[in-house]
Amino acid sequence: MAENNSSLDCSIDWDSDDDREIDNYGLPSTSASATAPCGHSNGGSSGLGEGTSSSPGSNCEIIRHFVGMGFPEKQVARVIDELGDENHNLVLETLLTYSVLEDTPQQPNDIQVPEEVQHDLSLQELRPVESGHSSSDYYVNSFDEFSDTDSPSMEVETPSPDEDEKLLFLTSMGYSVFEASIAIERCGRDATIAVLTDFICAAQMARASDVHFIEQDKKKHSLGSLSKLKRRKNQDCDAWKRKKHRCEEDDELIRLPKPMIGFGVPTESYEIVHRTIPEVAKGPPYFYYENVALAPKGVWNTISRFLYDVEPEFVDSKFFCACARKRGYIHNLPIKNRFPLVPLPPFTIHEAFPLTKKWWPSWDTRTKLNCLQTAIGSAKMTERIRKALEECGDNDPPMHVQKYVLDLCRKWNLVWVGKNKLAPLEPDEFETLLGFPKNHTRGGGISRTDRYKSLGNSFQVDTVAYHLSVLKDMYPEGINVLSLFSGIGGAEVALHRLGIPLKTVVEVEISEANRNIMRSWWEQTNQRGTLVDIADVQQVDTDKLAQLMDLYGGFDLVVGGSPCNNLAGSNRVSRDGLEGKESSLFYDYFRILDSVKTILASRSS
DNA sequence: TAGAATATGAAGTAGAGT
DNA sequence: ACTCTACTTCATATTCTA
């Protein structure tokens with residue numbers, strides 16, 4: 001089923017055959033903030049003072065570099081003259097700013113940016129946000145599109161410093177100045193970034209309300225459940241606030257496919273073999289992004305919007321192995337002629353753990369384990385279960401005891417290891433289920449607790465390998481990989497097991513223990529390529545990327561799953577969504593991916 | 001002090017029924 | 001439209017212990 005995902009408003013319509021060109025409307029521009037939203041830095045260097053010491057070069061070269069990105073030569077020369085050529089990011093941000101300020105008055109429909117806004121978006125205030133590369137077109141077009149329907153003569157008060165920060169942040173997310181200022185004006189100065197982005201999304205939706213959507217009668221197993229995203233007519237802000245709750249329920253959210261097989265899995269007959277990827281998203285470089293499927297509402301809409309409006313592929317690993325793992329993947333890989341890793345892993349609990357069969361009661365009908373997480377059940381809890389069962393004698397326990405036990409079994413992924421004896425899985429059993437070699441995370445000074453943590457945060461290798469398998473024919477001589485948030489190397493293990501030579505792997509991983517695990521695996525598997533370690537994603541700026549790409553010849557694949565801490569349902573404390581402390585590092589994934597795309601594009605032209 | 005052990009719900013989805 | 005039940009979830013904070 002050919003699908004055109006070029007619908008660019010915030011409400012994603014996977015089934016629309018709307019053939020509007022990718023005009024960058026609503027797309028967060030390629031300029032993403034390097035500093036994590038909410039101002040935290042995670043201990044990494046960030047912001048204005050970051051050492052973006054560019055390698056010395058002549059002005060000519062640098063001017064050519066930016067001209068190649070589409071900026072007027074005269075303007076580039078002027079900016080470099082003003083700022084020097086030391087800090088490429090600063091130069092780029094300045095050029096972008098000029099693009100915004102100079103282009104806006106030329107928009108059709110006589111839309112004017114309020115003077116105050118223009119004034120407050122002075123160069124100085126835009127500077128502090130370090131940015132990836134961007135096409136200035138994004139700003140221009142998004143401004144144009146937004147203003148097309150909303151009130152053009154909105155009065156905007158002079159922003160307060162707090163407003164400035166929000167304005168700055170929103171523009172760094174890719175929204176136009178006008179969109180951002182209107183949102184702040186309408187929703188109030190105290191509105192959070194989340195509320196403001198919601199407002200902008202709603203306005204974009206409203207703007208698109210005249211677009212008709214063809215609801216396709218898909219088969220039961222199709223991804224049709226992602227569709228049927230209606231459009232709300234009413235674009236009044238107050239009305240929107242009243243209706244927000246209802247709209248979120250039935251309008252704009254990406255829905256999970258059922259069964260959760262993405263574009264297809266080896267074990268199910270139904271599959272999709274064709275999809276349409278937006279032009280701006282097409283590889284190379286190929287990219288592969290992963291996170292939890294059951295994230296808070298709206299998160300996947302945002303992630304998808306940033307990642308060039310590519311439709312997420314939601315897959316439950318229970319179709320690949322003996323444990324469930326519901327994850328969303330956004331990638332621009334072909335989906336035809338995928339193949340699974342062999343040998344196929346155990347498919348049921350009994351196949352994975354034959355020894356448990358002897359003790360498994362008939363009333364425990366589980367065939368698959370639930371998601372492997374970062375923490376395990378306590379001994380006291382399994383002891384309570386044992387006592388409860390022993391009180392029931394040799395017969396099957398009464399229904400309420402069965403339910404009590406089964407609920408805990410499902411919650412903590414317990415398996416039967418003796419008469420009335422349940423136990424959580426061992427770390428090496430985690431490794432097997434997830435497709436890693438046994439003892440992959442063992443030794444090297446890592447604690448048992450940390451093994452669970454690292455494994456619980458990892459890819460399911462068979463699942464990921466199935467998606468990556470199409471790369472094998474494309475890169476017979478080997479592949480250069482930029483691996484962000486590598487963890488214990490799920491992607492690398494998958495590529496290796498697929499028989500794809502790893503020419504270069506640049507891994508970015510904050511945990512030293514995880515980097516050690518990767519390094520150890522690299523050596524044990526006699527890799528002939530080069531492994532480069534980087535600790536902090538925020539150290540990976542445009543200069544660093546350009547340097548690495550000079551050295552190794554560009555990246556073929558940018559792979560990674562950004563932190564799920566603030567998205568995962570298990571988190572009782574800080575499930576704050578995509579703006580959360582750790583999960584906001586998604587924006588760094590986007591920033592880095594976009595920089596790689598930009599650098600590649602500038603070099604190929 | 002590091003590691004281990006333990007306790008700590010809510011949010012979201014889906015389906016059935018009223 | 002609404003309520004109710006059933007089910008799942010890449011985690012965190014605190015306390016204990018060697």
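Numbers restart at 1 for each chain; the letters A, B, ... are given by sequence-line order, proteins then strands.
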Measure the shortest side-chain to side-chain distance between A/F263 and A/H467 over non-hydrogen atoms and say whether it is less than 4.5 angstrom. no

Nucleotide forming a Watson-Crick or wobble pair with C/dT12, both distances under 3.5 Å: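 The answer is B/dA7, by the H-bond criterion.
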
Let's test this: given Watson-Crick or G-U wobble pairing with both distances under 3.5 Å, identify the partner of B/dT13.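 Paired with B/dT13, as far as the under-3.5 Å criterion goes, is C/dA6.
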
Does a side-chain N or O from [X] land closer than 4.0 Å to OP1 or OP2 of [N], or not?
X: A/N291; N: C/dC10; result: no
X: A/S570; N: C/dA11; result: yes
X: A/K326; N: B/dT13; result: no
X: A/S574; N: C/dA11; result: no

With side chain to side chain contact (heavy atoms under 4.5 Å, CB included) as the criterion, how do A/Y289 and A/I303 come out once you've worked through the C-alpha distance, each side chain's angles and the decisive distance to 0.1 Å? CA-CA 10 Å; A/Y289 174 81; A/I303 292 174; 3.7 Å; yes

Can [X] and [Y] be counted as an ion pair, charged N to O under 4.0 angstrom?
X: A/R515; Y: A/E509; answer: no
X: A/R591; Y: A/D588; answer: yes
X: A/E383; Y: A/R386; answer: yes
X: A/E426; Y: A/R451; answer: no

Between B/dA14 and C/dC10 - C1' atom distance, rounded Å: 23 Å

Closest non-hydrogen atom pair, A/P424 against A/L414: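 Distance-wise, the nearest heavy atoms are N-CD2, 3.7 Å.
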
Return the value, rounded to whole Å, for the distance between atom [atom1] of [X] and atom [atom2] of [N].
X: A/D450; N: C/dA11; atom1: CG; atom2: C1'; answer: 14 Å
X: A/N571; N: C/dT12; atom1: CG; atom2: P; answer: 5 Å
X: A/R451; N: C/dC10; atom1: CZ; atom2: C1'; answer: 17 Å
X: A/L578; N: C/dC10; atom1: CG; atom2: P; answer: 15 Å
X: A/L434; N: C/dC10; atom1: CG; atom2: P; answer: 13 Å
X: A/Q460; N: C/dC10; atom1: CD; atom2: C1'; answer: 13 Å
X: A/K411; N: C/dA11; atom1: NZ; atom2: P; answer: 13 Å
X: A/L408; N: B/dA7; atom1: CG; atom2: P; answer: 11 Å

Please list, in numerical order, the residues of residues 360-388 of chain A that have a heavy atom closer than 4.0 Å to any atom of DNA chain C.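 Hits under 4.0 Å, by residue number: A/N370, A/C371, A/Q373, A/T374, A/A375.
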
If you check the [X] side chain, which of [options] turns out closest?
X: A/K297; options: B/dG3, B/dT13, C/dC10; result: B/dT13
X: A/D407; options: C/dC7, C/dC10, B/dA4; result: C/dC7
X: A/R255; options: B/dA14, C/dT12, B/dG12; result: B/dA14

Describe the nucleic acid contact of [X] in one word from base, sugar-phosphate, nothing, applying a heavy-atom distance below 4.0 Å.
X: A/R327; result: base
X: A/S583; result: nothing
X: A/R410; result: sugar-phosphate

Does A/F314 have its ring centroid less than 6.0 Å away from the ring centroid of A/W300?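 They qualify: ring centres under 6.0 Å apart.
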
Assuming nearest nucleotide by heavy-atom distance, tell me which of A/G569 and A/P296 is located more 5' along DNA chain B.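 Nearer the 5' end of the strand: A/G569.
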
